[in-house]
Amino acid sequence: MPWKGEKDAYKVWLSEIILQQTRVEQGWNYYEKFIQQYPTVIQLANAKDEAVFKLWEGLGYYTRCRNLLHTARVVRDNYNGRFPSDYNAILNLKGIGNYTAAAIASFCFNQPYAVVDGNVLRVLSRFFGIENPIDSTEGKKLFSKLAQECLDAAGPGEYNQSIMDFGATVCKPVPVCRQCPLQKNCIAFNTNKVGILPVKEKSIRKKERWFTYFVFSYKDKTFVQQRTAKDIWQNLYEFYLEETLTDPAWNHQKIKHWLHKKNIFPSKETVIIPAKKQVLTHQVIHGYFILIEPKTLPSALKGAWLSKKEIKHKAFPQFIHQFTGKTNLQLQFL
DNA sequence: AAGCCGGGGGA
DNA sequence: TCCCCAGGCTT
């Protein structure tokens with residue numbers, strides 16, 4: 001792994017935050033961009049929020065970005081720009097939970113705290129044949145206690161790296177038992193339960209939502225607004241949004257009617273572009289982009305009219321980015 | 001204790 | 001499709 005042996009707490013922290021629920025191949029370019037742009041935690045702390053969100057754009061779980069900024073500023077202001085080495089002090093920083101605190105404490109300061117992530121849960125549940133659900137409260141307690149007991153106190157950092165590497169390369173979701181050096185003592189292997197471990201009890205129900213984005217452009221500017229509600233994509237930007245519970249099935253007649261109610265009159269034929277659906281953790285977003293050039297500037301909209309250049313510096317969710325970023329047709333329109 | 005938060009890739 | 005990813009915060 002590219003970060004092997006890294007001791008700089010800023011770099012370890014940054015990479016751990018970026019890699020939370022994120023594959024290495026997906027997150028590593030972002031890590032390198034961040035380090036290049038902000039080589040020290042002080043420089044990150046001094047950055048403008050919008051610039052950091054723009055750098056984070058596309059990574060998902062955007063509260064991580066908000067917490068990243070917050071913690072960088074706490075480290076700058078309360079810890080003289082150096083990460084604390086005490087486990088509980090690390091744990092108290094925003095965006096850092098049990099896993100990340102143990103990772104920083106053991107990798108950077110060689111303290112005896114066992115990491116428990118998806119890899120570790122898989123390895124422990126299989127090797128010891130534990131069928132308690134890993135997402136139950138008892139399960140979490142049981143596994144973190146067991147992990148702590150297994151920890152090699154002589155080299156906690158190296159032990160933590162090793163068990164995660166093992167889970168990532170051998171004891172994978174679909175494991176390579178044939179190559180496994182622990183096969184002989186693995187309870188799951190010997191009782192033919194590799195396929196059912198680890199056990200999870202909760203399954204996520206996904207909610208369907210329909211987003212119609214009206215892309216208003218007037219002269220060389222486009223209307224955008226920032227998402228502030230307690231909902232997905234907080235702090236990111238978007239176009240004018242109309243949400244429905246079912247497929248609005250837009251056609252030109254329906255749009256004309258909708259615009260008329262809002263006292264908006266297009267100067268030319270509108271364009272309807274079905275969006276590519278976006279699957280999130282708890283919901284599926286479907287929708288449309290409807291391009292409109294009004295005759296006069298609609299006054300009722302609460303937001304900003306920005307030029308193409310200004311829009312480039314704002315962070316948008318991937319659902320919108322896949323639309324603004326791709327084709328020339330849409331770029332010309334913007 | 002349960003629900004919520006993105007986006008991508010592999011089987 | 002479904003599952004998983006070097007998880008954490010809010011209610």
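Every chain is numbered from 1 and lettered A, B, ... according to where its sequence line falls, protein lines coming before strand lines.
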So what does [X] touch, heavy atoms closer than 4.0 Å: a base, only the sugar-phosphate, or nothing?
X	result
A/Gln234	nothing
A/Gly58	sugar-phosphate
A/Asn98	sugar-phosphate
A/Thr281	base

If I pick the P atom on B/dC5 and the same atom on C/dA6, what distance separates them, to the nearest angstrom?
23 Å
Pairwise C1' distance for B/dG9 and C/dG8, with rounding to whole Å
23 Å
Which comes earlier along DNA chain C counting from the 5' end, the contact point of A/Glu16 or that of A/Leu91, where each point is its nearest nucleotide?
A/Glu16
Of A/Pro173 and A/Gln20, the one whose closest DNA chain C nucleotide lies more 5':
A/Pro173
Verify, without hydrogens or angle tests, whether A/Arg227 (side chain) and A/Gln234 (backbone) share a donor-acceptor contact under 3.5 angstrom.
no
So that I can tick it off, tell me whether [Y] and [X] are bridged by a salt bridge, with the cut-off set at under 4.0 angstrom between side-chain N and carboxylate O.
X	Y	result
A/Glu149	A/Lys145	yes
A/Glu57	A/Lys314	no
A/Asp49	A/Arg66	yes
A/Asp231	A/Arg209	yes

Which class fits the ring pair A/Phe289 and A/Phe239: parallel under 30°, tilted 30 to 60°, perpendicular over 60°?
perpendicular
Aromatic plane relationship, A/Tyr113 with A/Tyr87 - under 30° parallel, 30 to 60° tilted, over 60° perpendicular
parallel
The residue, A/His282 or A/Tyr62, whose nearest nucleotide of DNA chain B is more 5′ is A/His282
Would you say [N] has OP1 or OP2 under 4.0 Å from some side-chain N or O of [X]?
X	N	value
A/Tyr61	B/dC4	no
A/Gln278	B/dG7	yes
A/Trp28	C/dC5	no
A/Gln21	C/dG8	no
A/Lys172	C/dC4	no

Hey, can you pull the residues of residues 128-139 of chain A with a non-hydrogen atom under 4.0 angstrom from DNA chain B?
A/Thr137
Any side-chain donor paired with an acceptor under 3.5 Å for A/Trp258 and A/Glu242?
yes
Within residues 104-119 of chain A, which residues have any heavy atom lying less than 4.0 Å from an atom of DNA chain C?
A/Asp117, A/Gly118, A/Asn119
For A/Arg64 and A/Asn67, what are the C-alpha separation, side-chain angles and deciding distance, and is it a side chain to side chain donor-acceptor pair (under 3.5 Å)?
CA-CA 5 Å; A/Arg64 286 187 295 172; A/Asn67 290 334; over 6 Å; no
Please confirm whether the ring centroid of A/Phe107 lies under 6.0 Å from the ring centroid of A/Trp13.
no
Intra- and inter-strand pairing of DNA chain B, written as dot-bracket with Watson-Crick and G-U pairs under 3.5 Å and | for the latter, reads |||||.|||||
A/Asp117 and A/Asn119: side chain to side chain donor-acceptor pair (under 3.5 Å), yes or no, with the steps?
CA-CA 5 Å; A/Asp117 72 335; A/Asn119 292 308; 3.1 Å; yes
Let me see the working for A/Ile311 and A/Lys308 under side chain to side chain contact (heavy atoms under 4.5 Å, CB included), right down to the final yes or no.
CA-CA 5 Å; A/Ile311 286 181; A/Lys308 209 157 113 182; 5.7 Å; no
